[in-house]
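Every chain is numbered from 1, with letters handed out A, B, ... down the list of sequences. Atoms considered below: every heavy atom in the structure, side chains included; atoms not considered: hydrogens, waters and symmetry mates.
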Amino acid sequence: MKDKFRKDIALLTAEAFALSFPEVKEHHSELFIFDPPQIYSRLETPRDSQMGNYALPLFELAKALKKNPAELNKKLAESQNGLTLETKEFSHLSFTVAGGFNNARIKTEILAKAAIDSVLEEEESYGSSDEGQGRKIVIDFSSPNIAKPFGIGHLRSTAIGNSLYRIYQKLGYTSVGINHLGDWGTQFGKMIVAYRKWGDEKLLQDEPVKRLFELYVKFHKEEEQDTALSDMAREAFKALEDGNEEAIALWQKFKDYSMADFNKIYSMMGVHFDYQTGESFYNDKMDAVIERFQKAGLTEISDGALIINLEKFNLPACLLRRADGATLYATRDITGVLYRWQTFNFEKALYVVCSAQRDHFRQVFKAIELLEEAEKVPVEKRIAPRLVHVEFGWIKLENAMMSTRKGNIIFLEDVLNKAISLASEKIIEKNPDLKEIDKTAKQIGLGAVIFADLSTRKEKDVNFDWDKVLNFEGETGPYLQYTHARLCSLIRNYGKPINSNINYAYLNNPEEYRVLDIIYRFPFIVREVADAYDPNLMVSYLLELAGAFNKVYQRKSADGKIDKIISDDADLTATRMALVESVRIVIQEGLYLLGISAPEEM
RNA sequence: GCCCCCGUAGCUCAGAGGAUAGAGCAGAGGUUUCCUAAACCUUUGGCCGCAGGUUCGACUCCUGCCGGGGGUACCA
């Protein structure tokens, strides 16, 4: 029971019910209504904060007791309100009856004090916690493939992973970001063959990654006519794995060009990795792991390949070695899990990878689980329960799957640049005197793209839509940034220190109350994002907060004029400015947790 | 064939047992003697894919069907 108000309501409600229905307590003491933790978890958020901050549905209880819900509720509420008068600890609460919903409301001053005092005191660390105790969360994200351009398809993993990285840091964990680059595998056999056949050094001068990508597409086209190419590619990859010098030199060249491209994008987006260890990093570590599985008696030979049979678990067999002896990505991922455990002793390891790879990760996790069972690893030291596949849907293009092989792909760099130049145009149109136009345009353009990507629940497929990504109005990143900039502007105009002369009772209109309610919930939202592994919850939250504040900002008083935040009434203004600063901090911090910056002017 | 995900307003999406199903975009109308109009207000628009079932209560859970997508061992 972490939410203080919620806890108070649960305690009071249990007590009130026992007082008003002593006969029920005697015969049915097992009912949830007598147990504060159960009440706590049943409390809901009403549709409209005007109805209250918390709602307890009593239908089930009424049914169990064969009573009318509204009448039961009425008697309960009377008893609850009686207690709020008698007991000082509960004096900030009041209860109302709405049919079968028992609604609790927190007194404005108390809610305002709880929300604003915490934010002003903790500033950027509002919402943070020490629950992680420095334990490690390993996050595998972004993970593009070498020799292919960084497509829009990699944006989701990058944006979600980066956000979770920051969320876990905020909760007191040590985040470890790993870019598991796709720098190994049969595809490099293909690249090597394609380069030898059609490529040369001169070709790669201007835009090497795009040229390499064209070779890759060409290879797949030619492969359809000429199946000998597939065999050549397999052989070339085998040569690479066997350490053939020429093959390695080519591979290294592809890798260097790609990394230069990727790093440009990461630095633009402010994404940081602690390790950029790709698949090739595990080359010399796989033999020992394969041996471990063999020793544990988990492997068998099937059609010449070394496999772990997972039929019992309704999964396809997990291949450790192909018939020709080469390893596969499952081998590398399994090795990666064991290596990371040994290196980081993590609390959890997250794999932010699209849902098409669901079966793959089930196989990998199952393989680890079987190994630990076979080796009789003590339960508390097992890795398998700590592994999480954070899966997300595809990015589709005009409702068709994007396919790197077919060349049907949008380059992320093009999207970012387009968004930035559009942001720049908007600034020149709307605020031409702005000092740092380039820097701000970059923040806004990136904010728009990242926000658009995170604004769909992660498991759903998203259709890439230029108009949506390049839209700066409505539910968008720039809308939040604009709200933040306007808050900053208020603070500049006010020009006095905030957090003095505060009388919270001044915050007495419904629009302000709603903002207070939302600010108070921020720490719980941070927690929920971590539990669901979905930054989309933060997206919705911030839109709600910004919307609620914008209503305060443009609220009209009885005379039909805007009820301005900065007015002649010094005390009222001081109090409202405390609210302004609180909203500003929460929006800034919320955006940070999404990987988006909050400009002070735009 | 088998397994998994998705189907909500013209479009893009929230809601995932509870109150009258909500936002944004697009359409219509309005708000600024300027606390940044990238905003705000009003308004049009819904058999929540279809049919059963469970429940005090179902867009939400279960079953079947229809439609879209993905996976289904030597690609990742």
Side-chain angles (χ1 to χ4, degrees), chain A residues 44 46-48 51 55 57 59-60 62-64 69 98-101 103 143 145 182 184-187 189-190 230 233-234 237 279 302-310 314-324 326 328-330 332-333 353-360 362-363 391 393-394 396 399 401 404-405 423 426-427 429-431 444 448 452 455-457 459-463 465 467-468 471-476 478-483 485-486 488-494 536 539-540 543-544 546-547 550-551 553-556 560 562 564-567 573 580 601-602:
Chain A
E44 298 173 5
R47 276 223 129 50
D48 178 353
M51 298 192 276
F59 308 96
E60 196 187 322
K63 166 94 177 158
F101 288 98
N103 292 335
S143 309
N145 293 318
W184 207 248
T186 317
Q187 52 181 326
K190 294 178 184 178
S230 316
R234 255 191 292 276
F237 177 58
E279 297 188 55
S302 169
D303 294 339
L306 183 72
I307 67 158
I308 304 170
N309 190 326
L310 299 173
N314 204 16
L315 282 170
C318 178
L319 270 81
L320 295 179
R321 274 194 202 283
R322 297 194 317 213
D324 65 3
L328 288 112
Y329 72 130
R332 288 184 282 277
D333 271 344
V353 182
C354 81
S355 55
Q357 292 195 41
R358 182 184 298 131
D359 278 358
H360 164 69
R362 283 209 203 142
Q363 289 174 298
E391 56 184 86
W394 291 92
K396 296 187 291 187
N399 276 316
M401 291 298 139
T404 320
R405 293 181 186 186
K426 292 262 177 186
I427 292 170
E429 174 196 326
K430 290 165 191 288
N431 193 1
I444 295 169
S455 54
T456 302
R457 227 173 65 221
E459 59 267 30
K460 301 230 301 194
D461 292 347
V462 296
N463 202 11
D465 181 353
D467 293 342
K468 195 184 173 194
N471 181 21
F472 297 167
E473 289 167 22
E475 298 179 330
T476 65
Y479 167 73
L480 295 177
Q481 291 172 318
Y482 175 76
T483 305
R486 206 152 64 171
C488 290
S489 172
L490 279 170
I491 292 162
R492 276 194 305 274
N493 290 339
Y494 181 57
N536 178 248
V539 165
S540 310
L543 287 172
E544 206 187 332
N550 282 324
K551 283 192 206 320
Y553 184 81
Q554 282 175 170
R555 179 179 173 277
K556 287 178 179 162
I562 298 284
K564 291 196 176 179
I565 288 170
I566 298 174
S567 67
T573 302
V580 164
E601 285 181 79
M602 65 187 266

Trainee: Please enumerate all residues that pass ring pair (Phe, Tyr, Trp, His ring centres under 6.0 Å) together with A/Tyr329, with sequence neighbours excluded.
Mentor: A/His360
Trainee: With A/Leu319, which residues qualify under side-chain contact (heavy atoms from CB on, under 4.5 Å), at least two apart?
Mentor: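 Listed in chain order: A/Ala305, A/Ile307, A/Leu328.
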Trainee: Taking Watson-Crick (N1-N3 plus N6-O4 or O6-N4) and G-U wobble (N1-O2, O6-N3), each under 3.5 Å, can you produce the dot-bracket string of RNA chain B? Use [ ] for crossing pairs and | for inter-strand ones.
Mentor: (((((((..((((....[...)))).(((((.......))))).....(((((..]....))))))))))))....
Trainee: Kindly state whether the pair A/Phe101 / B/A19 counts as stacked, where counting means centroids closer than 5.5 Å and planes tilted less than 30° apart.
Mentor: yes
Trainee: With respect to the phosphate group of B/C3, does any side-chain polar atom (N or O) of A/Asn314 fall under 4.0 Å of OP1 or OP2?
Mentor: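 Checking A/Asn314 against B/C3: no side-chain N or O falls below 4.0 Å of OP1 or OP2.
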Trainee: Reckon A/Arg486 has a side-chain N or O less than 4.0 Å from the OP1 or OP2 of B/A38?
Mentor: no
Trainee: Has the side chain of A/Ser302 got a donor or acceptor that lies under 3.5 Å from a partner of the other kind on the base of B/A73?
Mentor: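 Yes, the side chain and the base share a sub-3.5 Å donor-acceptor pair.
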Trainee: With sequence neighbours excluded, what pairs up with A/Glu44 under the salt bridge (charged side-chain N to carboxylate O under 4.0 Å, His left out) test?
Mentor: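 A/Glu44 satisfies salt bridge (charged side-chain N to carboxylate O under 4.0 Å, His left out) with no residue once adjacent residues are dropped.
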Trainee: By a 5.5 angstrom centroid cut-off and a 30 degree plane limit, is there stacking between A/Tyr329 and B/C75?
Mentor: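 Check failed, A/Tyr329 does not stack on base of B/C75.
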Trainee: Name the closest nucleotide to the A/Glu279 side chain, picking from B/A19, B/A76, B/C40.
Mentor: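 Nearest to the side chain of A/Glu279 among the choices is B/A76.
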Trainee: Please identify each residue that fulfils salt bridge (charged side-chain N to carboxylate O under 4.0 Å, His left out) with A/Glu544, with sequence neighbours left out.
Mentor: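 For A/Glu544 the salt bridge (charged side-chain N to carboxylate O under 4.0 Å, His left out) partners, ignoring immediate neighbours, are A/Arg514, A/Arg521.
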Trainee: Going by side chain to side chain donor-acceptor pair (under 3.5 Å), name the residues that satisfy it together with A/Asp324, two or more places apart in sequence or in a different chain.
Mentor: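 In terms of side chain to side chain donor-acceptor pair (under 3.5 Å), with neighbours along the sequence ignored, A/Asp324 is linked to A/Arg322.
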Trainee: For B/C40, take OP1 and OP2 only and decide whether either is under 4.0 Å from a side-chain N or O of A/Lys551.
Mentor: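 No.
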Trainee: Enumerate all atom pairs, one protein N or O and one N or O from nucleotides 28-32 of chain B, separated by less than 3.5 Å.
Mentor:
none

Trainee: Could you pull out all residues at least two apart from A/Arg47 that satisfy salt bridge (charged side-chain N to carboxylate O under 4.0 Å, His left out)?
Mentor: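 Salt bridge (charged side-chain N to carboxylate O under 4.0 Å, His left out) check on A/Arg47 returns nothing, list empty.
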Trainee: Classify the side chain of A/Asn103 and the base of B/A19 as holding, or not holding, a donor-acceptor pair under 3.5 Å.
Mentor: yes
Trainee: Could you pull out all residues at least two apart from A/Arg486 that satisfy salt bridge (charged side-chain N to carboxylate O under 4.0 Å, His left out)?
Mentor: none
Trainee: Mind checking what makes ring pair (Phe, Tyr, Trp, His ring centres under 6.0 Å) contact with A/Phe101, not counting sequence neighbours?
Mentor: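 Expected list: A/Phe59.
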Trainee: Who are the ring pair (Phe, Tyr, Trp, His ring centres under 6.0 Å) partners of A/Tyr479, not counting sequence neighbours?
Mentor: none
Trainee: Got a list of protein N/O to nucleotides 13-17 of chain B N/O distances below 3.5 Å?
Mentor:
unit_1 : atom_1 : unit_2   : atom_2 : d
B/A14  : OP1    : A/Arg457 : N      : 2.6
B/A14  : OP2    : A/Lys460 : NZ     : 3.0
B/G15  : OP2    : A/Arg457 : NH1    : 3.2
B/A16  : N6     : A/Arg457 : NH1    : 3.4

